[in-house]
Amino acid sequence: VFSSSRVSSFKRHLKTHTSERPHLCHLCLKTFRTVTLLRNHLNTHTGTRPYKCGDCDMAFVTSGELVRHRRYRHTHEKPFKCSMCKYASVEASKLKRHVRSHTGERPFQCALCSYASKDTYKLKRHMRTHSGEKPYECRVCHARFTQSGTMKIHVLQKHSENVPKYECPHCATIIARKSDLRVHLRNLHTYKAAEMKCRYCSSVFHERYALIQHQKTHKNEKRFKCEHCDYACKQERHMTVHVRTHTGEKPFTCLSCNKCFRQKQLLNVHFKKYHDPSFVPAVYECPKCGKGFSRWVLYE
DNA sequence: TATAGCGGCGCCCTCTGCTGGAACTCG
DNA sequence: ACGAGTTCCAGCAGAGGGCGCCGCTATA
């Protein structure tokens with residue numbers, strides 16, 4: 001519905017309802033309703049940019065572009081304010097796009113999967129996951145990437161001299177990526193309400209990093225002590241074998257002669273020596289008297 | 001009639017951050 | 001040798017900035 005106090009404006013408005021476009025661009029055959037529109041269009045062909053910015057070298061085809069540019073780059077005036085947060089933008093379309101992050105509206109539906117995006121660019125970018133297109137190539141190693149940002153990180157991490165590093169403020173661990181530092185903090189330095197017990201003593205912790213550091217202090221302890229004698233060792237599996245010397249347990253049986261052993265390794269040696277025809281016993285010969293020994297220990 | 005001002009659509013870009021598999025380390 | 005934990009890495013989506021171009025209206 002158009003209304004105007006002036007007849008000329010009304011007549012001009014009526015023209016917008018006709019498909020009449022009498023002004024032809026002789027370079028691309030596009031037609032325009034008014035001379036001004038044609039001239040602006042011709043400027044895009046010739047590169048003529050009459051509207052020059054007073055604060056930088058940029059110049060534009062239309063005055064509107066110049067105003068917008070100045071708002072973005074120089075005045076930072078943002079007339080479009082979001083009613084739900086502090087966001088403000090130079091353009092109405094940007095506010096419209098921003099509001100979707102509040103409403104969750106996703107008007108751009110992918111034709112191939114359930115994904116829908118809030119703006120056209122994200123949908124276009126998403127479509128690369130279906131097409132497999134990787135438009136960004138690393139100049140150094142020619143690896144290809146779906147997004148420019150991913151390539152940028154790749155170049156920074158793989159081909160740059162001053163690779164940025166992120167140091168954990170709690171334990172001084174150096175991590176290559178900021179997001180991985182976040183994962184590190186989450187996994188190792190987050191307070192957990194549930195108690196985490198030390199594997200080797202009764203200490204309890206609420207932070208994984210503290211627990212791990214504490215457990216390392218047990219590293220050189222012979223923390224496995226035999227209940228029946230003074231024997232102590234660092235590894236549980238050694239204690240398991242030792243305890244058999246007290247219980248008499250011999251769980252490994254030779255299938256050829258039914259002889260039993262405390263350790264699997266002893267059974268293997270026995271089988272090789274007495275039941276394996278290809279077995280050749282090692283002989284340690286004394287270089288002085290020529291006497292032979294079956295084991296290095298005896299030779300010594 | 002020309003121009004300023006504004007709005008709208010589209011395109012491309014950067015920065016940011018999460019995710020999951022690969023590679024590696026360590027007990 | 002093995003498994004669990006940790007870090008590396010590419011993939012991918014969210015959010016926002018900046019510009020190109022076109023159309024419309026108001027006004028000088």
Side-chain angles (χ1 to χ4, degrees), chain A residues 2-6 8-10 12-13 15-17 21 30 32-41 43-45 49-51 58-73 76 78-80 82 85 87-102 104 106 108 110 115-130 132 134-136 138 143-154 156-158 163 166 168 173-184 186-188 199-200 208-209 212 215-216 218-219 234-237:
Chain A
F2 178 84
S3 65
S4 174
S5 58
R6 293 170 65 169
S8 63
S9 295
F10 181 65
R12 190 184 52 231
H13 170 77
K15 283 185 180 175
T16 66
H17 292 301
R21 296 162 76 96
K30 235 175 154 179
F32 298 88
R33 224 170 39 75
T34 68
V35 181
T36 308
L37 290 174
L38 173 61
R39 191 171 49 243
N40 282 345
H41 171 78
N43 282 342
T44 69
H45 284 304
R49 291 165 177 263
Y51 298 90
M58 296 286 278
F60 301 88
V61 171
T62 67
S63 62
E65 287 170 47
L66 174 60
V67 169
R68 189 179 56 179
H69 158 79
R70 290 191 53 74
R71 281 180 179 161
Y72 270 126
R73 294 300 174 105
H76 304 294
K78 294 177 176 181
F80 301 94
C82 177
C85 71
Y87 177 78
S89 66
V90 169
E91 296 175 79
S93 63
K94 298 298 183 285
L95 177 59
K96 197 175 165 187
R97 186 178 63 182
H98 163 81
V99 166
R100 290 191 190 121
S101 69
H102 291 299
R106 290 167 180 270
F108 304 96
C110 174
Y115 176 76
S117 81
K118 291 169 186 165
D119 63 63
T120 50
Y121 176 68
K122 284 187 198 58
L123 177 59
K124 192 178 174 185
R125 191 177 61 181
H126 163 82
M127 294 312 286
R128 289 184 203 142
T129 67
H130 295 300
K134 293 185 174 185
Y136 304 95
C138 171
R144 301 197 75 96
F145 302 88
T146 55
Q147 293 185 14
S148 62
T150 310
M151 185 183 75
K152 197 177 170 186
I153 293 290
H154 161 87
L156 200 66
Q157 299 289 344
K158 292 284 186 72
V163 183
Y166 298 91
C168 172
T173 301
I174 304 293
I175 291 169
R177 285 166 179 77
K178 207 176 174 180
S179 60
D180 286 324
L181 173 60
R182 227 180 296 277
V183 172
H184 168 92
R186 196 168 57 218
N187 287 345
L188 296 178
R199 267 191 284 182
Y200 313 118
R208 264 190 63 75
Y209 183 78
I212 290 165
Q215 285 183 163
K216 280 182 181 171
H218 291 291
K219 192 178 173 183
K234 291 181 192 172
Q235 292 185 33
E236 192 176 10
R237 57 191 170 131

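In what follows, chains carry the letters A, B, and so on, assigned in the order in which the sequence lines appear, proteins first and then strands, with residues in each chain numbered from 1.
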Please classify the nucleic acid contact of [X] as base, sugar-phosphate, or nothing, using heavy-atom distances under 4.0 Å.
X: A:Leu188; answer: sugar-phosphate
X: A:Arg70; answer: nothing
X: A:Ser117; answer: nothing

According to salt bridge (charged side-chain N to carboxylate O under 4.0 Å, His left out), who are the partners of [X], at least two apart in sequence or on a separate chain?
X: A:Lys118; answer: none
X: A:Arg125; answer: none
X: A:Glu65; answer: none
X: A:Arg70; answer: A:Asp55

Within less than 4.0 Å of OP1 or OP2 of [N], is there a side-chain N or O belonging to [X]?
X: A:Arg100; N: C:dA15; result: no
X: A:Lys122; N: C:dC12; result: no
X: A:Tyr51; N: B:dG5; result: no
X: A:His98; N: C:dA15; result: no
X: A:Lys118; N: C:dA15; result: yes
X: A:Ser148; N: B:dT14; result: yes
X: A:Lys152; N: B:dC13; result: no

So which nucleotide from [options] ends up closest to the side chain of [X]?
X: A:Phe145; options: C:dC19, C:dA10, C:dA13; result: C:dA10
X: A:Arg182; options: C:dG14, C:dC19, B:dC18; result: B:dC18
X: A:Phe60; options: C:dC12, C:dG20, C:dA10; result: C:dG20

Review point. Quick one: does A:Gln147 reach the base of C:dA10 with a side-chain donor-acceptor pair under 3.5 Å?
Key: no
Listed partners of [X] passing ring pair (Phe, Tyr, Trp, His ring centres under 6.0 Å), at least two apart:
X: A:Tyr72; value: none
X: A:Tyr121; value: none
X: A:His184; value: A:His189

Rounding to an integer number of Å, can you tell me how far [X] [atom1] sits from [N] [atom2]?
X: A:Arg186; N: B:dC18; atom1: CZ; atom2: C1'; result: 8 Å
X: A:His184; N: B:dG17; atom1: NE2; atom2: P; result: 17 Å
X: A:Arg125; N: B:dC15; atom1: CZ; atom2: C1'; result: 11 Å
X: A:Leu156; N: C:dC9; atom1: CG; atom2: P; result: 12 Å
X: A:Leu123; N: C:dA13; atom1: CG; atom2: P; result: 10 Å
X: A:Lys178; N: C:dT7; atom1: NZ; atom2: P; result: 18 Å
X: A:Leu181; N: C:dT6; atom1: CG; atom2: P; result: 14 Å
X: A:Asp180; N: C:dC9; atom1: CG; atom2: P; result: 9 Å

Taking the side chain as everything from C-beta on, heavy atoms only, tell me whether [X] gets closer than 4.5 Å to [Y].
X: A:Arg97; Y: A:Ser89; value: no
X: A:Arg106; Y: A:Tyr115; value: yes
X: A:His98; Y: A:Cys85; value: yes
X: A:Thr129; Y: A:His126; value: yes

Check your understanding: Where along nucleotides 7-12 of chain B does protein come under 4.0 Å, by heavy atom, of base (B) or sugar-phosphate alone (S), with - for untouched nucleotides?
Key -> SBBB-B
Point to revise | Bend angle of the helix from B:dT1-C:dA28 to B:dG27-C:dC2, end axes from five pairs each (to 10°) | key: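 Rounded value for the end-axis angle: 10°.
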